[in-house]
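Keep in mind it's a predicted model, so treat the numbers as computed, not measured.
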Amino acid sequence: MKFKAFLTENGVNLLEKRFLPALDKMGKICHLFLNRDRVFFLHNLLNGDGVQSIAQFSKEALFDDYRISSQYDDCIAFTVDISLLQRALRSSVSICTEFGNGPTANRLQIKLAKKLTKNSTQRLPFLTFETKGYKSAVIQDVPISSPLSRNQVLELQTALDMAQDLPQTLVQVPDLNQLQNFVDRMRHVGDLLNISISKYGDLHIQISTTLITLGAEFQKLLVIGEQADAPSEDRNLSAQTRAARAVLRGDAQSVQVSVKHFGKSLQCHLAKPDCAFYGIALQGACLTLVFQFFIPGTHRLDKSISMHCRLPVLDQGSS
């Protein structure tokens, strides 16, 4: 089982300044899953608790001279502490920058290694960052779990395949920061959030207690996938009534999620996506937040990078 590659300058910028800070907000530990073509950072795919997040990159988006081999169809997976990974990368980059002419001038290599530690008689697995200068080399070792077995890799791959299914209707979120501010205010009201998404491009968010109801509605949002025209007779009705009627017609779905989970998923704005979409999976299985990234300087989708979150549903409401 072998893996080694050189981080490109673009890869360093993507990980250090954007994705690792966002992933750290999702949870301390994640699976790092590598295959011949892609690199995945996966949170909570093998358990039903918490927000699932899937960040994936083509190998070319992060690495140069990428080499991987294993007995499991050249797939390798293990768990790693995101904060330790972030710290090691930041330290290695600062060393590269200090002693070279840029973050990759000295070639920052990342590889799997097994090493003896001070208090162990057994070689332990590490993800190693190595910076080779003219006269010396600086090594940063990040402890990782033992690589997953063949059955565990298969289980992770199956969970990943299932998590790639996207809702049939997605609506574009106008402003993640605005939504974050709204959710921050909602935290003081209650713990459960009701979300309704329609094929008309409406996103309805509401939190209710016995004393107060607080809500927000975003209308005529960009829709990807299945869409429909809003009935003219609903125009003058309240947001709550319109959302309920859309659900009854089969033009919308409604679910209930944790305010905490919803707020956590919004932290992915640290990855600096160009746009974000919400959707509800078939039969209200989960609430999905999809981020899109454009090729720099264009409005064309960068297919080498993707990220989405799946929020567990507490009550399926109506679908």
Nonpolar side-chain network containing [X], other nodes, edges under 4.5 Å:
X: L237; result: none
X: F126; result: L124
X: F277; result: L166, L170, L222, I224, V290
X: L154; result: none

Applying side-chain hydrogen bond (donor to acceptor under 3.5 Å, both in side chains), can you list everything that pairs with [X], at least two apart in sequence or on another chain?
X: T79; result: S145
X: K199; result: E226
X: R36; result: D74
X: D65; result: R67

Check your understanding: Passes side-chain hydrogen bond (donor to acceptor under 3.5 Å, both in side chains), D184 versus Q180? Steps please.
Key -> CA-CA 6 Å; D184 288 341; Q180 180 72 64; 3.2 Å; yes
Residues pairing under salt bridge (Lys or Arg N to Asp or Glu O under 4.0 Å) where one sits in residues 201-211, two or more places apart or in two chains, turn out to be none
Residue pairs passing the salt bridge (Lys or Arg N to Asp or Glu O under 4.0 Å) test with at least one member in residues 18-28, sequence neighbours excluded, are K28-D81
Assess the residue pair D161 and Q157 against the criterion (side-chain hydrogen bond (donor to acceptor under 3.5 Å, both in side chains)); give the C-alpha distance rounded to whole Å, side-chain angles, the decisive distance to 0.1 Å, and a yes or no. CA-CA 6 Å; D161 292 342; Q157 180 66 65; 2.9 Å; yes
Residues 147-188 vs ring pair (Phe, Tyr, Trp, His ring centres under 6.0 Å), sequence neighbours excluded, gives none
So the ring pair (Phe, Tyr, Trp, His ring centres under 6.0 Å) pairs with at least one residue in residues 146-177 (sequence neighbours excluded) are none
Taking A88's backbone N and O only, do any of them form a donor-acceptor pair with S91's side chain (distance below 3.5 Å, no angle check)?
no
With no hydrogens and no angle check, is any side-chain donor or acceptor of H31 less than 3.5 Å from a backbone partner on L156? no
### Query
With a 6.0 Å cut-off on ring centres, are F262 and Y278 close enough?
yes
Paired with E217, the side chain to side chain donor-acceptor pair (under 3.5 Å) test is passed by just one of Q240, H204, R242, namely R242
Assigning hydrophobic clusters by single linkage (Ile, Leu, Val, Met, Phe, Trp, Tyr; side-chain heavy-atom cutoff under 4.5 Å), is I110 placed with I139?
no
Query raised in the report: Got a sec: does the CD of E233 have more than 12 other heavy atoms crowding it under 6.0 Å?
Result: yes
With D141 as partner, the option from K115, K111, R87, K114 fulfilling salt bridge (Lys or Arg N to Asp or Glu O under 4.0 Å) is K115
